[in-house]
Trainee: 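So that we are looking at the same thing, I have put the structure below in C-alpha coordinates.
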Amino acid sequence: VEELGLAPGDSFTGELSRFSGEAVGFYEIRLGTLAINDGNGGNNYNLWFGCEVEFEIRAKHITGSFTADDKVYDGTTVATVLTRSLTGALAGDDVSLIGGTATFSDKNVGEGKTVTLEGANLSGTDAGNYILESVATTTAGITKADPTCLISGYTGVYDDEAHGASGSCSGVQDETLGSLFLGDSFT
(Lines give C-alpha, C1' and ligand atoms only; values in the text may rest on other atoms or scores of the structure.)
Protein backbone atom coordinates (compact mmCIF):
# COMPACT_ATOMS: atom_id res chain seq x y z
CA VAL A 1 0.00 0.00 0.00
CA GLU A 2 1.42 3.32 -1.00
CA GLU A 3 1.38 6.04 1.61
CA LEU A 4 0.01 8.70 -0.71
CA GLY A 5 -2.15 11.34 0.88
CA LEU A 6 -0.70 10.93 4.38
CA ALA A 7 0.78 13.84 6.27
CA PRO A 8 4.56 13.77 6.73
CA GLY A 9 5.50 11.36 9.54
CA ASP A 10 2.23 9.40 9.33
CA SER A 11 2.33 5.82 8.03
CA PHE A 12 0.31 2.67 7.43
CA THR A 13 0.65 -0.26 9.77
CA GLY A 14 -0.86 -3.78 9.79
CA GLU A 15 -2.06 -5.95 6.94
CA LEU A 16 -4.96 -6.33 4.56
CA SER A 17 -6.99 -9.52 4.75
CA ARG A 18 -9.26 -11.40 2.35
CA PHE A 19 -12.08 -13.88 2.54
CA SER A 20 -10.62 -17.31 3.14
CA GLY A 21 -10.40 -19.87 0.36
CA GLU A 22 -7.77 -21.56 -1.74
CA ALA A 23 -9.80 -22.61 -4.79
CA VAL A 24 -9.86 -20.77 -8.11
CA GLY A 25 -12.07 -17.70 -7.88
CA PHE A 26 -12.41 -14.12 -6.65
CA TYR A 27 -12.09 -13.13 -2.99
CA GLU A 28 -13.00 -9.77 -1.43
CA ILE A 29 -10.12 -7.90 0.16
CA ARG A 30 -10.83 -6.37 3.56
CA LEU A 31 -9.03 -3.83 5.74
CA GLY A 32 -7.92 -6.55 8.17
CA THR A 33 -5.49 -5.03 10.68
CA LEU A 34 -4.52 -2.15 8.39
CA ALA A 35 -4.43 1.15 10.32
CA ILE A 36 -2.81 4.55 10.12
CA ASN A 37 -0.13 5.49 12.61
CA ASP A 38 -0.76 9.22 13.01
CA GLY A 39 -0.11 9.81 16.73
CA ASN A 40 -3.87 10.12 17.28
CA GLY A 41 -4.94 6.47 17.06
CA GLY A 42 -5.71 6.87 13.36
CA ASN A 43 -8.51 9.33 14.13
CA ASN A 44 -7.10 11.94 11.74
CA TYR A 45 -8.12 9.83 8.69
CA ASN A 46 -11.09 7.89 7.31
CA LEU A 47 -9.56 4.60 6.15
CA TRP A 48 -11.76 2.85 3.57
CA PHE A 49 -11.76 1.43 0.04
CA GLY A 50 -13.21 3.71 -2.62
CA CYS A 51 -14.40 0.68 -4.59
CA GLU A 52 -14.80 -3.05 -4.14
CA VAL A 53 -11.39 -4.67 -4.28
CA GLU A 54 -10.99 -8.34 -5.12
CA PHE A 55 -8.20 -10.85 -5.11
CA GLU A 56 -8.19 -13.52 -7.84
CA ILE A 57 -6.77 -17.03 -7.69
CA ARG A 58 -6.29 -18.36 -11.22
CA ALA A 59 -6.03 -21.99 -12.31
CA LYS A 60 -2.48 -23.37 -12.42
CA HIS A 61 -1.27 -24.83 -15.72
CA ILE A 62 0.14 -28.35 -15.32
CA THR A 63 1.35 -31.09 -17.67
CA GLY A 64 0.65 -34.80 -17.81
CA SER A 65 2.76 -37.80 -18.67
CA PHE A 66 2.20 -41.54 -18.99
CA THR A 67 3.87 -44.83 -19.74
CA ALA A 68 2.59 -47.38 -22.25
CA ASP A 69 2.84 -51.16 -22.39
CA ASP A 70 4.71 -53.01 -25.14
CA LYS A 71 2.45 -55.27 -27.20
CA VAL A 72 2.47 -58.09 -29.72
CA TYR A 73 1.55 -57.08 -33.28
CA ASP A 74 -2.23 -57.15 -33.74
CA GLY A 75 -2.68 -55.02 -36.85
CA THR A 76 -3.90 -51.95 -34.89
CA THR A 77 -2.35 -48.83 -33.35
CA VAL A 78 -4.21 -49.30 -30.03
CA ALA A 79 -1.90 -48.86 -27.02
CA THR A 80 -2.41 -49.61 -23.33
CA VAL A 81 -1.59 -47.00 -20.65
CA LEU A 82 0.39 -48.40 -17.69
CA THR A 83 0.87 -45.33 -15.47
CA ARG A 84 -0.16 -41.67 -15.44
CA SER A 85 1.33 -38.68 -13.61
CA LEU A 86 1.11 -34.89 -13.37
CA THR A 87 3.87 -32.30 -13.14
CA GLY A 88 3.14 -29.00 -11.42
CA ALA A 89 0.24 -30.01 -9.17
CA LEU A 90 0.63 -29.05 -5.52
CA ALA A 91 1.48 -31.85 -3.09
CA GLY A 92 -1.61 -33.03 -1.24
CA ASP A 93 -4.09 -31.83 -3.86
CA ASP A 94 -6.61 -34.39 -5.06
CA VAL A 95 -6.03 -34.22 -8.82
CA SER A 96 -5.18 -36.97 -11.30
CA LEU A 97 -4.89 -37.64 -15.03
CA ILE A 98 -7.68 -39.87 -16.35
CA GLY A 99 -9.19 -41.14 -19.60
CA GLY A 100 -8.03 -40.60 -23.12
CA THR A 101 -7.06 -42.90 -25.95
CA ALA A 102 -3.47 -44.11 -26.32
CA THR A 103 -2.19 -44.93 -29.80
CA PHE A 104 1.07 -46.01 -31.39
CA SER A 105 2.39 -43.86 -34.27
CA ASP A 106 1.73 -46.81 -36.62
CA LYS A 107 0.72 -50.48 -36.43
CA ASN A 108 4.06 -51.98 -37.52
CA VAL A 109 6.60 -53.95 -35.46
CA GLY A 110 9.39 -51.88 -33.92
CA GLU A 111 11.03 -50.68 -30.70
CA GLY A 112 10.86 -47.17 -29.24
CA LYS A 113 7.71 -46.26 -31.16
CA THR A 114 6.02 -42.97 -30.21
CA VAL A 115 2.77 -43.35 -28.26
CA THR A 116 0.35 -40.44 -27.75
CA LEU A 117 -2.52 -40.01 -25.29
CA GLU A 118 -5.37 -37.90 -26.69
CA GLY A 119 -8.47 -36.73 -24.82
CA ALA A 120 -7.12 -37.15 -21.27
CA ASN A 121 -8.70 -35.02 -18.52
CA LEU A 122 -8.16 -34.02 -14.92
CA SER A 123 -10.19 -35.56 -12.12
CA GLY A 124 -10.42 -35.13 -8.34
CA THR A 125 -11.82 -32.63 -5.86
CA ASP A 126 -9.06 -30.10 -6.69
CA ALA A 127 -9.13 -30.59 -10.49
CA GLY A 128 -10.94 -27.26 -10.98
CA ASN A 129 -7.84 -25.44 -9.68
CA TYR A 130 -5.78 -26.67 -12.65
CA ILE A 131 -5.63 -26.52 -16.44
CA LEU A 132 -4.10 -29.49 -18.26
CA GLU A 133 -1.67 -27.76 -20.62
CA SER A 134 -0.46 -30.89 -22.46
CA VAL A 135 0.32 -34.58 -22.13
CA ALA A 136 3.83 -35.66 -23.15
CA THR A 137 4.31 -38.55 -25.57
CA THR A 138 6.08 -41.73 -24.51
CA THR A 139 7.58 -44.74 -26.27
CA ALA A 140 6.83 -48.47 -26.33
CA GLY A 141 7.45 -51.40 -28.64
CA ILE A 142 5.48 -53.73 -30.89
CA THR A 143 6.89 -57.25 -31.22
CA LYS A 144 6.24 -59.82 -33.96
CA ALA A 145 3.08 -61.92 -33.74
CA ASP A 146 2.97 -65.70 -33.94
CA PRO A 147 0.01 -66.89 -36.02
CA THR A 148 -0.79 -70.57 -35.44
CA CYS A 149 -1.10 -73.20 -38.17
CA LEU A 150 -2.15 -76.81 -37.58
CA ILE A 151 -1.21 -79.11 -40.48
CA SER A 152 -2.02 -82.78 -40.74
CA GLY A 153 -0.10 -84.91 -43.18
CA TYR A 154 -0.69 -88.41 -44.55
CA THR A 155 -0.12 -91.16 -42.05
CA GLY A 156 0.14 -94.65 -43.44
CA VAL A 157 2.32 -97.32 -44.96
CA TYR A 158 4.43 -96.41 -47.96
CA ASP A 159 2.48 -97.14 -51.12
CA ASP A 160 4.41 -95.24 -53.82
CA GLU A 161 1.48 -92.79 -54.17
CA ALA A 162 1.45 -88.97 -53.68
CA HIS A 163 -0.47 -87.95 -50.62
CA GLY A 164 -1.51 -84.42 -49.51
CA ALA A 165 -1.59 -82.54 -46.27
CA SER A 166 -4.37 -80.37 -44.89
CA GLY A 167 -4.85 -77.98 -42.03
CA SER A 168 -5.92 -74.56 -40.85
CA CYS A 169 -4.32 -71.34 -39.58
CA SER A 170 -5.50 -68.69 -37.16
CA GLY A 171 -4.05 -65.20 -37.29
CA VAL A 172 -3.42 -62.33 -34.94
CA GLN A 173 -7.00 -61.08 -35.07
CA ASP A 174 -8.56 -64.55 -34.85
CA GLU A 175 -9.01 -64.73 -38.62
CA THR A 176 -8.88 -68.30 -39.94
CA LEU A 177 -7.85 -70.10 -43.06
CA GLY A 178 -9.57 -73.46 -43.05
CA SER A 179 -9.36 -76.45 -45.35
CA LEU A 180 -5.84 -75.91 -46.55
CA PHE A 181 -4.50 -78.61 -48.84
CA LEU A 182 -1.01 -79.26 -50.12
CA GLY A 183 -0.44 -77.09 -53.19
CA ASP A 184 -3.09 -74.46 -52.25
CA SER A 185 -2.10 -70.82 -52.43
CA PHE A 186 -3.65 -67.98 -50.49
CA THR A 187 -3.03 -64.36 -49.60
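Being a predicted model, the structure only gives us computed values, none of them experimental.
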Trainee: So which of T137, T101, T138 actually passes side chain to side chain contact (heavy atoms under 4.5 Å, CB included) with T116?
Mentor: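 Of all the options given, the one that passes is T137.
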Trainee: Once you round to the nearest 0.5 Å, how far does CD1 of I29 lie from CG of L16?
Mentor: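 Nearest 0.5 Å value for the CD1-CG distance: 6.5 Å.
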Trainee: Is it the case that one hydrophobic cluster holds both L34 and F19, taking links as side-chain heavy atoms less than 4.5 Å apart, direct or via other members?
Mentor: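 Yes, same cluster.
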Trainee: Is it true that a side-chain atom of D70 and a backbone atom of G141 form a donor plus acceptor pair closer than 3.5 Å?
Mentor: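 Yes: the side chain of D70 pairs with the backbone of G141.
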Trainee: Answer whether the closest heavy-atom distance between the side chains of K107 and T77 falls below 4.5 Å.
Mentor: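 A side-chain contact under 4.5 Å exists here.
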Trainee: Is L31 linked to Y45 within one hydrophobic cluster, defined over Ile, Leu, Val, Met, Phe, Trp and Tyr using a side-chain heavy-atom separation of less than 4.5 Å?
Mentor: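 Same cluster.
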Trainee: So, taking the atom named CZ in F104 and the one named NZ in K113, what distance separates them when rounded to the nearest 0.5 Å?
Mentor: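 The CZ atom of F104 sits 8.0 Å away from the NZ atom of K113.
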Trainee: Cut-off 3.5 Å, side chains only: do T125 and D94 have a donor facing an acceptor?
Mentor: yes
Trainee: Shared ILVMFWY cluster between V109 and V78, side chains joined below 4.5 angstrom?
Mentor: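 Not linked; separate clusters.
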Trainee: Could you pull out the closest heavy-atom pair between V115 and A68, with the gap in Å?
Mentor: CG1-CB, 3.9 Å
Trainee: Write down the atom of T83, the atom of V81, and the distance for their closest heavy-atom approach.
Mentor: O-CG1, 3.6 Å
Trainee: Nearest heavy-atom pair of K71 and D74: which atoms, and what distance?
Mentor: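 Shortest heavy-atom separation between K71 and D74 comes out as NZ-OD1, 2.9 Å.
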Trainee: Taking the side chain as C-beta and beyond, is there a heavy-atom pair between E54 and E56 under 4.5 Å?
Mentor: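 They are not in side-chain contact.
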Trainee: Please check if the number of heavy atoms outside E28 that lie under 6.0 Å from its CD is greater than 12.
Mentor: yes
Trainee: With hydrophobic residues grouped by side-chain heavy-atom distances under 4.5 Å, do Y130 and V24 end up in a single group?
Mentor: no
Trainee: How many angstroms lie between CG in L97 and CG in L132, if you round to the nearest 0.5 Å?
Mentor: 6.0 Å
Trainee: Looking only at heavy atoms, what is the nearest atom pair of K60 and L90, with distance?
Mentor: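 That closest heavy-atom pairing would be NZ-CD2, 3.9 Å.
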Trainee: Would I131 and L117 show up in the same hydrophobic cluster when neighbours are defined by side-chain heavy atoms closer than 4.5 Å?
Mentor: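 Cluster IDs for I131 and L117 differ.
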Trainee: Supply the atom-to-atom distance D146 CG to Y73 OH, rounded to the nearest 0.5 angstrom.
Mentor: 13.5 Å
Trainee: Can you name the nearest heavy-atom pair linking T63 to E133, along with the distance?
Mentor: CG2-CB, 4.2 Å
Trainee: Can you check whether N44's main-chain N or O pairs, donor with acceptor, with D38's side chain at less than 3.5 Å?
Mentor: yes
Trainee: To the nearest 0.5 Å, tell me how far L122 CG sits from S96 OG.
Mentor: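 Here the rounded value is 8.0 Å.
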Trainee: Rounded to the nearest 0.5 Å, how far apart are OH of Y27 and CZ of R18?
Mentor: 6.5 Å
Trainee: Looking at N46, I'd like to know if its CG atom is crowded, meaning that more than 12 non-hydrogen atoms belonging to other residues, nucleotides or ligands lie closer than 6.0 Å.
Mentor: no
Trainee: Can you name the nearest heavy-atom pair linking S85 to S65, along with the distance?
Mentor: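 Residues S85 and S65, closest heavy atoms: OG-OG, 2.7 Å.
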